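Owing to the predicted nature of the structure, the values given are computational and were not obtained by experimental measurement.
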Amino acid sequence: MTEELPELRASDADRERVAEILRDALAEGRLVMEEFEERLDAAYRARTYGELEPLTADLPTGAAAPGAPAGLSLRKDTEAVTAWSERIVSGVEGSSAGVGILGGFQRKGRWTIGRRFTAVCCMGGGEIDLREANFAAREVTVTCWAFMGGVNVVVPPGVEVDVRGLGIMGGFDAHEDGTPGEPGAPRVIVKGLALMGGVGVERKLPKAERRRLKEEQRRQKSLDREGREDRKELG
């Protein structure tokens with residue numbers, strides 16, 4: 001199917017099917033964490049079936065959905081929608097600012113980001129980690145002012161990011177700009193100015209999810225090892 005229609009546009013559901021295959025492959029020990037993160041990032045960036053297919057070409061994928069390209073398996077997408085609906089809260093103002101002047105600030109763990117969040121860093125740094133955060137609205141705007149300093153924004157898979165900032169003698173990372181979001185997931189707009197400084201945007205798995213996948217990977221390796229030992233004894 002992908003050979004016949006490599007430029008056919010992929011849907012959010014197609015990208016999620018590939019993501020689920022990659023998660024299973026990590027848990028089974030078929031991928032190491034670095035490979036998993038690289039392929040997961042590529043999956044969420046993919047625009048066509050032709051871009052998705054190589055990500056699972058060397059992995060067992062089960063039965064493909066009728067009409068879907070080979071290499072894409074079935075998945076229930078309601079899980080992602082339910083999870084996001086619980087994290088987008090209404091009637092809560094949330095945190096609205098972070099300042100790092102000759103120092104730094106952090107917003108991470110369980111916290112609520114407001115509709116508008118302003119980060120100011122002058123000869124200092126700031127970290128805005130949204131992997132476990134709640135969102136005061138479906139769309140939040142993060143305005144970053146980095147002067148000889150830096151701001152790093154971390155988002156989980158599934159969140160759409162729109163980068164509109166400007167870098168002058170500095171950098172404003174648009175690496176994650178335009179990556180499609182999951183159904184029901186929030187949208188994060190990152191804008192502002194980096195003057196002799198930098199603003200970075202990166203996508204990472206939540207720490208709890210990373211631990212869970214690593215634990216599943218270790219458990220699967222242990223089971224495989226026990227299976228090999230049993231076969232040796234029988235032989």
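- The two atoms that bring Cys121 and Gly150 nearest to each other are SG-O, 3.6 Å, heavy atoms only.
- Separating the CD atom in Glu35 from the CG atom in Leu55 is a distance of 12.0 Å, to the nearest 0.5 Å.
- Between Ala136 and Val92, the shortest heavy-atom contact is CB-O, 3.3 Å.
- Side-chain N or O atoms of Arg187 include none that pairs as donor or acceptor with a backbone N or O of Thr141 at under 3.5 Å.
- One N or O on the side chain of Arg203 and one on the backbone of Pro156 form a donor-acceptor pair closer than 3.5 Å.
- Of the possible polar contacts, one joining the Arg131 side chain to the Leu205 backbone as a donor-acceptor pair under 3.5 Å is found.
- A donor-acceptor pair under 3.5 Å links the side-chain atoms of Arg87 to the main chain of Ala133, judged by distance alone.
- Surrounding CZ of Arg45 are more than 12 heavy atoms belonging to other residues, nucleotides or ligands, all under 6.0 Å away.
- The minimum heavy-atom distance linking Ala194 with Gly171 is given by the pair CB-O, 3.5 Å.
- Members clustered with Met196: Val99, Ile101, Leu102, Val120, Met123, Trp145, Phe147, Met148, Leu166, Ile168, Met169, Leu193, Leu195, by chain and number, using a 4.5 Å side-chain heavy-atom cutoff among hydrophobic residues.
- By the 4.5 Å heavy-atom criterion applied to side chains, Leu130 and Val159 are not counted as neighbours.
- Residues passing the side chain to side chain contact (heavy atoms under 4.5 Å, CB included) test with Ser95 are Arg107, Trp111, Phe117, sequence neighbours excluded.
- Distance check, rounded to the nearest 0.5 Å: CG of Leu52 to CZ of Arg47 gives 11.0 Å.
- The closest side-chain heavy-atom distance from Lys191 to Phe172 is not below 4.5 Å.
- Residues Trp84 and Gly184 share a closest heavy-atom pair of CB-O, 3.3 Å.
- Pairing each heavy atom of Cys144 with each of Val199, the nearest pair is CB-CG2, 3.8 Å.
- For the residue pair Gln106 and Glu127, the shortest heavy atom distance occurs at NE2-OE1, 3.1 Å.
- Distance check, rounded to the nearest 0.5 Å: CD1 of Ile88 to CG of Asn134 gives 9.5 Å.
- Between Glu202 atom CD and Asp129 atom CG the span is 8.5 Å, to the nearest 0.5 Å.
- For the atom pair CZ of Arg115 and CD of Glu93, the computed distance is 10.5 Å after rounding to the nearest 0.5 Å.
- Once rounded to the nearest 0.5 Å, the distance linking CZ of Arg39 with OG1 of Thr56 reads 8.5 Å.
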